[in-house]
*Asks:* 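Can you keep this structure in mind? I'll have questions shortly.
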2 protein chains.
Amino acid sequence: MALAEAILVCLTDRPMSGYDLAKTFDASIGFFWRASHQQVYRELARLRGKGLVESKEIEQSGRPNRIVHTITEAGEQIVHAWSQKPCRMPSVKDELLVKLYALDHVDIAVLREQLELRTDQHQAKLSAYLRIKEKFYDAKTLSRAKKGKLIALTMGISNEREIIKALEQAVKSLGEIDE
Amino acid sequence: MALAEAILVCLTDRPMSGYDLAKTFDASIGFFWRASHQQVYRELARLRGKGLVESKEIEQSGRPNRIVHTITEAGEQIVHAWSQKPCRMPSVKDELLVKLYALDHVDIAVLREQLELRTDQHQAKLSAYLRIKEKFYDAKTLSRAKKGKLIALTMGISNEREIIKALEQAVKSLGEIDE
DNA sequence: ATCTATTATGCAACCAATTGCATAGTGGTT
DNA sequence: AACCACTATGCAATTGGTTGCATAATAGAT
């Protein structure tokens, strides 16, 4: 149940609406833990039910009211307890590698295109990470909170770079196969 | 629904029982697509229902009979059609990175231990990959099927190496934070 | 005038994955 | 004699994730 904790972590920063959270899960923390807005809203309802967040409706004219969620004392305790528990290994699920595994039953030209598309996608991620790093984490004095985010981001950056290298190498190897 | 395809891909190699498949998903193809034995059995039942595999019971004395599954013509067509469809990006979900992201609410000593444990786990994976590479893929003349598996394995190897480097760097960065 | 995007929320149905349990015989260890 | 690991299968319950839909107002584009 780590989506719950990821949401609580976001709320330690500042109170947010479901919409704010959904956007955060489309960027920043979403680099490390993906979730859709439906997941976020459902989980928020559960957290409210357990008393880990408190929700206040804020009147807005013209559009639906914002429901702003604040983490409670109990919620912060859950975060701390979670931080001490061991982590699971992220589970691998990559169709592209399965296709390489199944090369005998795959059209090489098509697969090459898919590898190149994937390379572009990782290139885009890398650029996004680098932009954020330069924008938000280039100061000399960083708070502990920011240092943690910077370490995570740095891992993301080196990871993307290496995946790109590996994909390019894979395309090269594919090219050496005589059909 | 890519578990279905991953199973079919395994069965293109040779007919297998659910048990054989579950073990394959604990190793080889499991490096790229994880699945538990319950998932495999359930998916096999579905594939049988759709006529993509044919299942024959083989008598055994002493232990439960083996049910051996063979891919059908229709199953092979599904694999081919799947291989041409675009791949999804694997979805990221890593608690360890979330904890780095939430560094302000985490005990640094505990987190360092978790990073080191994770490093060991990737080290173990790397060793396993290298052992398999030397054992099965070091010949000079490889079939196309084997070349594909080798490319995937090589990507796995470089990926593990880089993750280990990044984790070690992260531990170092953590050490530089004055508590 | 109409269409689309954006802000803001949420239900319902479905599909996938995890966890725990159950069966059942064989062979080896303590 | 009791226990564990291995081969071989599968059900049931729960949790998690995805997809599609729905509402509702505003601002800007066509």
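Here is the naming used below: chain letters follow the sequence lines, and residue numbers restart at 1 for every chain.
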*Asks:* Does B:Lys93 make a side-chain N or O approach to OP1 or OP2 of D:dG17 shorter than 4.0 Å?
*Replies:*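 Affirmative; the distance criterion is met.
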
*Asks:* Look at the side chain of A:Arg42 against the base of D:dG16 and say whether a donor-acceptor pair falls under 3.5 Å; ignore hydrogens and angles.
*Replies:*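 Answer is no: no donor-acceptor pair is held.
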
*Asks:* Name the residue closer to the 5' end of DNA chain D, choosing between B:Arg66 and A:Ala2 according to the nucleotide with the nearest heavy atom.
*Replies:*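 By nearest-heavy-atom nucleotide position, the 5'-most residue is B:Arg66.
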
*Asks:* Under a 3.5 Å cutoff, is there a donor and acceptor pairing between the side chains of A:Trp82 and B:Glu95?
*Replies:*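 Yes, because at least one side-chain N or O of A:Trp82 sits under 3.5 Å from a partner of the opposite role on B:Glu95.
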
*Asks:* Report the distance from atom CZ of A:Arg88 to atom C1' of C:dT18, rounded to the nearest whole Å.
*Replies:*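 Atom CZ in A:Arg88 sits about 8 Å away from atom C1' in C:dT18.
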
*Asks:* Would you kindly give the CD1-to-C1' distance between A:Ile67 and D:dT23, to the nearest whole Å?
*Replies:*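 These atoms are roughly 14 Å apart.
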
*Asks:* Quick one: is B:Gln39 getting a side-chain N or O under 4.0 Å of the C:dT18 phosphate, OP1 or OP2?
*Replies:*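 So the side chain of B:Gln39 is within the cut-off, an N or O lying under 4.0 Å from OP1 or OP2 of C:dT18.
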
*Asks:* If we ignore hydrogens and angles and just use 3.5 Å, is the side chain of B:Thr72 paired with the main-chain N or O of B:Leu52 as donor and acceptor?
*Replies:*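 At least one qualifying donor-acceptor pair exists.
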
*Asks:* With a sphere of 6.0 Å drawn around NZ of A:Lys93, does it hold more than 12 non-hydrogen atoms of other residues, nucleotides or ligands?
*Replies:*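 Atom NZ in A:Lys93 is packed in, count exceeds 12.
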
*Asks:* Would you indicate, yes or no, if D:dT7 has its OP1 or OP2 atom less than 4.0 angstrom from a side-chain nitrogen or oxygen of B:Tyr19?
*Replies:*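 For D:dT7, OP1/OP2 do have a side-chain N/O of B:Tyr19 under 4.0 Å.
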
*Asks:* Strictly below 4.0 Å: does B:Arg46 bring a side-chain N or O up to OP1 or OP2 of C:dA16?
*Replies:*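 For B:Arg46, the contact criterion (side-chain N or O under 4.0 Å from OP1 or OP2 of C:dA16) is met.
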
*Asks:* Report which part of the nucleic acid B:Arg34 touches: base, sugar-phosphate, or nothing (heavy-atom distance under 4.0 Å, all strands).
*Replies:*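 No contact.
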
*Asks:* If you assign B:Val68 and B:Ser91 each to the DNA chain D nucleotide with the nearest heavy atom, which residue ends up on the more 5' nucleotide?
*Replies:*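 Per heavy-atom nearest nucleotide, the more 5' residue is B:Val68.
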
*Asks:* Considering only side-chain heavy atoms of B:His37, which listed nucleotide, D:dT9, C:dA16, D:dG17, is closest?
*Replies:*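 For B:His37, the side-chain atoms sit closest to D:dT9.
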
*Asks:* In whole Å, I'd like the distance from the CG atom of A:Leu44 to the P atom of C:dA8.
*Replies:*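 Going from CG in A:Leu44 over to P in C:dA8 covers 15 Å.
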
*Asks:* Could you check whether any side-chain N or O of B:Asp120 sits under 3.5 Å from a backbone N or O of B:Leu117, counting only pairs where one atom can act as donor and the other as acceptor?
*Replies:*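 Not a single qualifying donor-acceptor pair exists.
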
*Asks:* If you compare every side-chain N and O of A:Ser17 against the phosphate oxygens of C:dT9 (OP1, OP2), does one of them come in below 4.0 Å?
*Replies:*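 Yes, within the criterion.
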
*Asks:* Under 4.0 Å between a side-chain N/O of A:Tyr41 and OP1 or OP2 of C:dG10, yes or no?
*Replies:*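 False: A:Tyr41 side-chain N/O out of range (4.0 Å or more) of C:dG10 OP1/OP2.
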
*Asks:* Do A:Glu168 and A:Lys165 sit within salt-bridge range, that is, some charged N less than 4.0 Å from a carboxylate O?
*Replies:*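 No, no charged N to carboxylate O under 4.0 Å.
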
*Asks:* If I take atom CD in residue B:Glu95 and atom C1' in nucleotide D:dG16, what distance separates them, rounded to the nearest angstrom?
*Replies:*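 Between C1' of D:dG16 and CD of B:Glu95: 14 Å.
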
*Asks:* With no angle test and no hydrogens, is the base of C:dG20 tied to the side chain of B:Gln38 by a donor-acceptor pair under 3.5 Å?
*Replies:*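 Side chain to base: pair found, below 3.5 Å.
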
